[in-house]
Amino acid sequence: MKLDNMFKKTKYSTLKRNDYKTESVRPEVPEGLLKKCNKCGAAIIAEDAKKDGYICPKCGGYFRMHAYRRIEFVADEGTFEEWDKGLETKNPLDYKGYIEKLSNLKEKTGLDEAVITGRAKIDGADTVIGVCDGRFLMASMGEVVGEKIARAVERATKEQLPVILFACSGGARMQEGITSLMQMAKTSAALKRHSDAGLLYISVLTDPTTGGVTASFAMLGDIILAEPKALIGFAGPRVIEQTIGQKLPKGFQRSEFLKEHGFIDGIVERKDLKETLAKILKLHADSRYSTETIQEILNKDENTDENKAKAGSDFWKAADGLTAWDRVMLSRMQDRPVGSDYIECLFTDFIELHGDRLFKDDRAVIGGVARFHGIPVTVIVQAKGTNTKENIERNFGMPSPEGYRKALRLMKQAEKFRRPIICFVDTPGAFCGIEAEERGQGEAIARNIYEMSDLKTPVLSVIIGEGGSGGALAMATADEVWMLENSVYSILSPEGFASILWKDSSKAKEAAEVMRLTAKDLYEIGIVEKVFDEPQDFKAENLKQVTDSMETEIIRFLTEYMAKNDQELTSHRYMRFRRM
């Protein structure tokens, strides 16, 4: 529903019945008067919807926002400085009536073109912002739209500023033909240079985002957010239905559909958008702390509690009587703390980022950006559930290829922004299934190991439960690998080991004893660097007994490894595995 029509001062009685039959002419509401919402049919008061962020107070449906109102909604008051006004739109096809239509739109909307660009502050953070306005030829991307976006991104690159672009578009502008198509390449190329300069780009997708805009700048964000239920796709739903001759499923091409399929990081309600953007901007700004600042922060916190437990070779409980199989069972306990518990206990300001940008958001892997003692870090965990329902949703902690590709995407993002990576490993193994093989499980694991070996940022992995085979190694190719006392790390499960070598999976207990899979075994042969004591009856309620000592060691790790340059980091990691 178009906001300009929805909230325009006009006489309701002047509308004709035929006006309701076209998409370009929507029901218009005099301010303060009742009107029927096009989404739910309820009678609403225009002023109430405006005060509620241009959202229907009855159904919660989102109306489209004018560009300047969008900027007012997210930018600090009085901070927006508009750039590149007055660029002249040409008519490369000499398309009849095009210039006249543009002139009429300029007069009607008060806009020069379909996008507004400039500089603003969001909660005090400087950023370059661009906002598409659907009132102007459905914000289709012609030469001037592409030029304004490219210029804004180029200036952001020069001034070392992040970019936020709000997409709302029907796609390429038909009236400008191939010139419009070239704007896809131009805007994408400008964003590549911005990215290569180590700068942040946030894309915010609103209703609708389609066509050539979707296939260019809209889907290239380091972080891609969307408003609820926004239409997002390359081909429009009507075109798809006409092409394939089928009715599309409910919710197809909506924000929720894209999140499920791994193409966006999150869906943010309009009321939360400024706060979310401010939080992301601040985290990324702090990722650019100097080495000296980082060392100062960490040194201040190091060894602040002399009573914290120490990790290392002196942790072993004397004569605890546990067998290797006992520890396997403890690593699998239903009430054992899971990855999300460690995120909550060790980090602040966590923002979860979703999807592999290829196929799916695998819920067996949770990843995102957080702070550890004020230092921005990327955190990735293999996630088991805390009950049967959650375990089913998270596939019992067995990642699919999409989970490993999501983890790698976030690791490469961390490398770009010089954020250290902290992984928590807890998986029986990578998911074995037809669909996993169809989508390249082996390749996904291999790619993670390959790329992690040369990441130019510190990588720490902690095995908190089961460390099953390559499914664990794909998140444990790190500078250091730590284990909890009753976690295990092995070539495969004891059941699998016994089945393959002895043709009898019932001999899993015996297999566990010969596999050298316990933390004690692996510490002694140099596979892991640290082992942490566990309390008896280890649960989320007493997790802090473990994370206290872990916290001290993470400070030590970051202090040491963030002082290394790229060559020192990658050489150390290579030699760590080369010695094994």
Side-chain angles (χ1 to χ4, degrees), residues 192 195-196 198 200-201 219-224 259-266 284 287 339 343 350-370 376-383 394-395 397-427 429-431 435-463 467-481 566 569-570 573-574 576-577:
K192 179 64 167 66
S195 180
D196 287 347
L200 172 69
Y201 167 40
M219 298 304 291
L220 295 175
D222 296 298
I223 295 175
I224 303 177
K259 180 183 173 186
E260 180 184 348
H261 287 271
F263 293 106
I264 62 176
D265 285 293
H284 282 77
S287 294
I343 293 176
F350 179 68
I351 301 174
E352 184 173 0
L353 304 177
H354 296 268
D356 65 346
R357 294 287 196 275
L358 294 170
F359 180 76
K360 183 182 177 183
D361 180 43
D362 185 357
R363 298 204 63 205
V365 174
I366 298 173
V369 187
V377 296
T378 289
V379 184
I380 306 170
V381 307
Q382 291 173 324
R394 300 198 181 278
N395 202 31
M398 295 182 289
S400 295
E402 300 77 48
Y404 293 110
R405 289 170 180 144
K406 172 167 70 171
L408 182 58
R409 178 177 77 84
L410 297 179
M411 290 179 197
K412 296 298 288 185
Q413 183 187 99
E415 180 182 48
K416 171 182 173 179
F417 296 114
R418 311 294 297 175
R419 286 194 301 265
I421 300 163
I422 303 176
C423 299
F424 293 89
V425 177
D426 188 11
T427 181
F431 178 58
E435 58 270 40
E437 293 300 320
E438 287 176 338
R439 298 196 293 271
Q441 186 70 286
E443 189 278 338
I445 292 170
R447 184 65 53 184
N448 273 35
I449 297 169
Y450 175 84
E451 295 287 354
M452 288 182 75
S453 71
D454 195 49
L455 285 171
K456 294 169 181 63
T457 195
V459 184
L460 169 65
S461 294
V462 186
I463 299 168
S469 192
L473 182 61
M475 283 179 53
T477 305
D479 297 300
E480 292 190 14
V481 177
D566 292 351
L569 270 175
T570 56
R573 199 176 305 138
Y574 179 78
R576 180 183 184 275
F577 288 95

Response to the item:
Rounded to the nearest 0.5 angstrom, the CZ-CD distance for Phe424 and Gln382 is 12.0 Å
Worksheet item: How long is the gap from CZ on Phe431 to CD on Glu437, to the nearest 0.5 Å?
Response: 10.0 Å
Worksheet item: Roughly how far, to the nearest 0.5 Å, is the CD atom of Glu443 from the CD atom of Gln441?
Response: 10.0 Å
Discussion item. Using the rule salt bridge (charged side-chain N to carboxylate O under 4.0 Å, His left out), only one of Arg573, Arg418, Lys456 pairs with Asp566; which is it?
Written reply: Arg418
Discussion item. The test is side-chain contact (heavy atoms from CB on, under 4.5 Å); show your working for Val369 and Phe417 and say whether it passes.
Written reply: CA-CA 11 Å; Val369 187; Phe417 296 114; over 6 Å; no
Worksheet item: Do Thr427 and Pro399 come within less than 4.5 Å of each other through their side chains, counting heavy atoms only?
Response: yes
Worksheet item: When rounded to the nearest 0.5 angstrom, what distance separates CZ in Phe577 from CD1 in Ile449?
Response: 8.5 Å
Worksheet item: Could you give the distance from CE (Met475) to CG (Asp426), rounded to the nearest 0.5 Å?
Response: 10.0 Å
Worksheet, complete the sentence: Looking only at heavy atoms, the pair that brings Thr477 and Leu473 closest together is OG1-O, 3.0 Å
Practice prompt. Let me know which of Asp362, Asp265, Asp361 forms a side chain to side chain donor-acceptor pair (under 3.5 Å) with His354.
Written response: Asp361
Worksheet item: So, does Arg363 use its side chain to make a donor-acceptor pair with the main chain of Arg394 at under 3.5 Å?
Response: no
Practice prompt. For residues Ile445 and Ala474, report the shortest heavy-atom separation together with the two atoms involved.
Written response: CG2-CB, 3.9 Å
Practice prompt. Return yes if some donor-acceptor pair links the side-chain N/O of Tyr404 with the main-chain N/O of Val365 below 3.5 Å, else return no.
Written response: no
Fill in: Nearest atoms (heavy-atom pairs only) where Phe350 meets Ile343
CG-CG2, 3.8 Å
Discussion item. Would you say Arg419 and Gln413 are linked by a side-chain donor-acceptor pair, where the criterion is simply a distance under 3.5 Å?
Written reply: yes
Response to the item:
In terms of heavy-atom contacts, Ala370 and Val379 come closest through CB-CG2, 4.2 Å
Worksheet item: How long is the gap from CE on Met411 to CD1 on Ile421, to the nearest 0.5 Å?
Response: 6.0 Å
Worksheet item: Which heavy atom in Ala407 sits nearest to a heavy atom in Asn448, and how many Å separate them?
Response: CB-ND2, 4.2 Å
Discussion item. If you compare all heavy atoms of Ser461 against all heavy atoms of Ala476, which two are closest, and at what distance to 0.1 Å?
Written reply: OG-CA, 3.3 Å
Worksheet item: His284 and Ile223: side-chain contact (heavy atoms from CB on, under 4.5 Å), yes or no, with the steps?
Response: CA-CA 11 Å; His284 282 77; Ile223 295 175; 3.7 Å; yes
Fill in: Expected output: side-chain Arg439 to main-chain Glu402 donor-acceptor under 3.5 Å
no
Discussion item. As a quick check of understanding, evaluate side-chain contact (heavy atoms from CB on, under 4.5 Å) for Ser195 and Lys416, giving each step before the final call.
Written reply: CA-CA 8 Å; Ser195 180; Lys416 171 182 173 179; 2.8 Å; yes
Discussion item. Counting C-beta onward and ignoring hydrogens, is there a side-chain heavy-atom pair between Phe263 and Ile224 closer than 4.5 Å?
Written reply: no
Worksheet entry | Pair Asp356 + Lys360, salt bridge at N-O below 4.0 Å | no
Practice prompt. Could you please spell out the steps behind the side-chain contact (heavy atoms from CB on, under 4.5 Å) verdict for Arg409 and Leu358?
Written response: CA-CA 11 Å; Arg409 178 177 77 84; Leu358 294 170; over 6 Å; no
